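Computed from a prediction, not measured in an experiment: that's the story for all the values here.
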Amino acid sequence: MGEMILTKTRIHGGKWEGVLKAPAADEQPRLAVWHLDAALTGVELSSIPDRPGRWRVSVPIPADLLSDGVQSFVIRDEGSGDTLGHFTIVTGVPLEDDIRAEVDLLRAELDLLKKAFRRHVVQTAG
């Protein structure tokens with residue numbers, strides 16, 4: 001039996017959407033989407049009529065799960081327990097502050113490297 005392949009197509013209207021390629025064309029796969037330790041409800045699969053073994057996947061993203069920071073969702077095959085994919089949603093000001101702090105740190109490190117390089121050039125040239 002072949003493996004399932006999940007491909008993201010988009011996030012739109014509060015739903016993650018993708019296409020699942022399943023080896024058993026006539027048997028609907030069973031997927032579970034997890035956030036932290038809870039399974040999401042409302043995951044929908046529908047066959048794509050002109051593409052045997054292909055399924056449209058729609059995962060509603062509950063608004064109450066979204067908050068400042070990073071939220072990760074894991075998509076698994078319920079039968080085997082294999083992880084097929086994941087998606088991450090990043091929101092809020094704290095992330096913006098983290099990125100600014102990281103950029104400031106990188107700038108400081110770059111300044112140190114520039115000074116060390118200039119010192120090295122002066123020492124080797126003279």
Side-chain angles (χ1 to χ4, degrees):
M1 188 168 179
E3 79 179 67
M4 288 194 248
I5 299 170
L6 181 63
T7 306
K8 174 193 170 194
T9 54
R10 66 184 184 162
I11 292 180
H12 179 74
K15 291 184 179 185
W16 181 94
E17 297 175 357
V19 174
L20 178 67
K21 177 185 172 192
D26 57 344
E27 185 179 326
Q28 180 170 340
R30 295 179 307 131
L31 300 183
V33 180
W34 291 83
H35 174 264
L36 300 175
D37 58 351
L40 300 181
T41 58
V43 177
E44 296 177 1
L45 275 86
S46 57
S47 63
I48 301 174
D50 57 340
R51 299 179 69 200
R54 303 291 194 280
W55 302 84
R56 281 192 182 86
V57 180
S58 177
V59 179
I61 304 166
D64 61 324
L65 296 181
L66 301 178
S67 59
D68 286 345
V70 178
Q71 305 301 320
S72 295
F73 300 82
V74 178
I75 304 168
R76 292 191 178 127
D77 172 15
E78 280 191 336
S80 68
D82 292 342
T83 297
L84 301 175
H86 71 279
F87 60 97
T88 304
I89 298 176
V90 181
T91 59
V93 176
L95 179 68
E96 189 176 298
D97 292 340
D98 288 347
I99 290 172
R100 285 187 184 144
E102 190 68 26
V103 168
D104 289 343
L105 180 61
L106 288 171
R107 284 183 180 150
E109 289 175 358
L110 182 59
D111 286 342
L112 286 172
L113 286 172
K114 288 190 314 190
K115 288 177 187 175
F117 179 73
R118 287 180 184 142
R119 245 189 336 265
H120 173 73
V121 169
V122 168
Q123 289 171 352
T124 57

Handout entry: Path from W34 to L31 over hydrophobic side-chain contacts below 4.5 Å
Key = no
Practice task
Determine, step by step, whether V90 and T88 satisfy the side-chain contact (heavy atoms from CB on, under 4.5 Å) criterion, reporting the C-alpha distance in whole Å, the side-chain angles of both residues, the deciding distance to 0.1 Å, and the verdict.
Solution key: CA-CA 7 Å; V90 181; T88 304; 4.2 Å; yes
Exercise for the section: Rounded to the nearest 0.5 Å, what's the gap from CD1 on I5 to CZ on R54? Could you check? Expected result: 8.0 Å
Problem - Listed partners of L66 passing side chain to side chain contact (heavy atoms under 4.5 Å, CB included), at least two apart - result: I61, I89
Exercise for the section: For residues D77 and S80, report the shortest heavy-atom separation together with the two atoms involved. Expected result: OD2-OG, 2.9 Å
Handout entry: Heavy-atom side-chain contact between V74 and V33 under 4.5 Å
Key = no
Exercise for the section: Take atom CG of D50 as the centre, draw a 6.0 Å sphere, and report whether it contains more than 12 heavy atoms from other residues, nucleotides or ligands. Expected result: yes
Handout entry: Partners meeting side-chain hydrogen bond (donor to acceptor under 3.5 Å, both in side chains) with R10 (sequence neighbours left out)
Key = E17
Problem - side chain to side chain contact (heavy atoms under 4.5 Å, CB included) partners for S47, two or more places apart - result: W55
Completion exercise
Tracing side-chain contacts under 4.5 Å among Ile, Leu, Val, Met, Phe, Trp and Tyr outward from V19 reaches I48
Problem - L106 side, atom CG; E102 side, atom CD - distance, nearest 0.5 Å - result: 5.0 Å
Problem - Least distance between heavy atoms, G81 atom then R76 atom - result: O-CD, 3.8 Å
Exercise for the section: Mind checking the OG1-CD1 spacing from T83 to I75? Nearest 0.5 Å is all I need. Expected result: 10.0 Å
Practice task
Answer yes or no: is there a side-chain heavy-atom contact under 4.5 Å between K8 and W16?
Solution key: yes
Completion exercise
Minimal heavy-atom distance between P60 and L40, with the atoms involved, is O-CD1, 4.0 Å
Practice task
Would you check if R118 and V121 make a side-chain contact, meaning some heavy-atom pair closer than 4.5 Å?
Solution key: no
Handout entry: For the student: nearest non-hydrogen atoms of M4 and P29, plus distance
Key = SD-CB, 3.9 Å
Practice task
Applying ring pair (Phe, Tyr, Trp, His ring centres under 6.0 Å), name anything that partners H86, two or more places apart in sequence or on another chain.
Solution key: none
Practice task
Please round to the nearest 0.5 Å and tell me the distance separating atom CZ of F73 and atom CG of L36.
Solution key: 8.5 Å
Handout entry: Gap between atom CD of E44 and atom CZ of R56 - 0.5 Å precision
Key = 12.5 Å
Practice task
For the residue pair H35 and Q71, establish whether any side-chain heavy-atom pair is separated by less than 4.5 Å.
Solution key: yes
Problem - Listed partners of S58 passing side-chain hydrogen bond (donor to acceptor under 3.5 Å, both in side chains), at least two apart - result: none
